[in-house]
Amino acid sequence: MDRQTQVSVEDGVVRVTVRGEVKLAAGGAAIAQASRVAHDAGSNLLLFDITQAQSREYHAVAMHHARDAHRTGIVKFRIAILGRAGDAKLSFLENVARNRGIRARSFTAEREAVRWLKASSP
């Protein structure tokens with residue numbers, strides 16, 4: 001795990017905190033790590049906290065990872081994307097994910113994100 005990405009499990013939710021500039025490889029590594037931790041924890045709930053992340057190439061990164069969603073297995077998770085209010089990445093990431101069949105939604109409040117994740121958990 002690099003300093004840019006931290007993964008933890010809190011009350012059945014796998015939390016992935018991403019900081020700094022996110023490039024294609026770093027995004028893929030964060031997804032792979034989150035998937036492994038979730039599998040080990042028996043969870044299908046992911047919270048990606050991107051409030052401290054920047055990406056000048058987020059359009060390309062999102063499209064690439066959404067295109068690979070079935071191969072990477074990310075489609076089996078329910079995903080909350082937590083970001084800052086007014087961040088254009090939030091709606092873009094949510095739209096791309098949902099258009100690829102990924103159960104994802106964006107939020108600016110962590111409490112709401114966790115509530116949504118747990119609302120339909122098994």
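Just the heavy atoms: all of them, side chains too, but no hydrogens, waters or symmetry mates, feed the values below.
Every residue two or more places apart in sequence or in another chain was checked for a side chain to side chain donor-acceptor pair (under 3.5 Å) with D40, and none qualifies. Legend: residues meeting side chain to side chain contact (heavy atoms under 4.5 Å, CB included) with A80, ordered by chain and number and at least two apart, are L47, F107, A113, W116, L117. When the side chain to side chain contact (heavy atoms under 4.5 Å, CB included) test is applied to R98, the partners found at least two apart in sequence or on another chain are E94. Taking T108 as the reference, nothing meets the side chain to side chain donor-acceptor pair (under 3.5 Å) condition, with sequence neighbours excluded.
Residue pairs meeting the salt bridge (Lys or Arg N to Asp or Glu O under 4.0 Å) criterion with at least one partner in residues 42-54, sequence neighbours excluded, are R15-D49.
A donor-acceptor pair is defined here as one N or O able to donate and one able to accept, closer than 3.5 Å; such a pair exists between the side chain of S43 and the backbone of G12.
Each of E112, K118, R111 was compared with V114 under the side-chain contact (heavy atoms from CB on, under 4.5 Å) criterion, and only K118 meets it.
When all heavy atoms of A34 and L46 are compared, the pair lying nearest together is O-CD2, 4.1 Å. Closest of all the heavy-atom pairs between I81 and A104 is CD1-CB, 4.5 Å.
A distance of 10.0 Å separates CD of Q6 from CD of Q33, quoted to the nearest 0.5 Å. R103 contributes atom CZ, which lies 8.5 Å from atom CD1 of I79 (distance to the nearest 0.5 angstrom).
Here the side chains of L90 and I50 are in contact, with some heavy-atom distance below 4.5 Å.
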